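No experiment lies behind these values; they were computed from the predicted model shown. Basis for what follows: all heavy atoms, side chains included, without hydrogens, waters or symmetry-related copies.
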Amino acid sequence: MKIRAIIHPAEEGGYWAEVPALPGCITEGDTRKEVMVNLKDAIEGWLEVANSRNAISTISAIAMVLYHCLSSLSGYERLS
C-alpha cells in the first residue's frame with residue numbers, strides 16, 4: 001500500500017503539501033526539504049489523532065501506514 005503526498009508551490013513562496021488519503025493532512029515549508037520534514041510530522045500527528053479516536057484499531061495498522069507513507073515520500077520529492 002502506498003499513500004501519495006502531493007507538493008505544490010505556494011502563491012506567496014515556498015511550498016505546501018497534502019496527503020489526499022488522510023483528510024486534513026496538510027503542511028507547508030519554505031523549501032522542499034522543509035516541507036518533506038513537515039510532512040513526516042503531519043502524517044505522524046494525523047495518525048496519532050486517528051488512533052486516539054479509534055479510527056485506526058491497532059498499533060500495527062498505524063505502523064504499516066506510516067511506513068508506507070514515509071517510504072513513498074522520497075519518490076514524490078523527485079517527481080513533484
ask   = Is there a side chain to side chain contact (heavy atoms under 4.5 Å, CB included) between Ile7 and Met36 once you walk through the steps?
value = CA-CA 9 Å; Ile7 299 172; Met36 293 300 293; 3.6 Å; yes

Can I get a per-line list of side-chain donor-acceptor pairs under 3.5 Å for residues 10-29, giving both atom names and the distance, sequence neighbours left out?
unit_1: Glu18; atom_1: OE2; unit_2: His8; atom_2: NE2; d: 2.7

task = Go through the steps for Asn38 and Lys40 under the test side chain to side chain contact (heavy atoms under 4.5 Å, CB included), then give the verdict.
result = CA-CA 5 Å; Asn38 293 346; Lys40 179 181 179 287; over 6 Å; no

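- For the pair Glu34 and Thr31, the minimum side-chain heavy-atom distance is below 4.5 Å.
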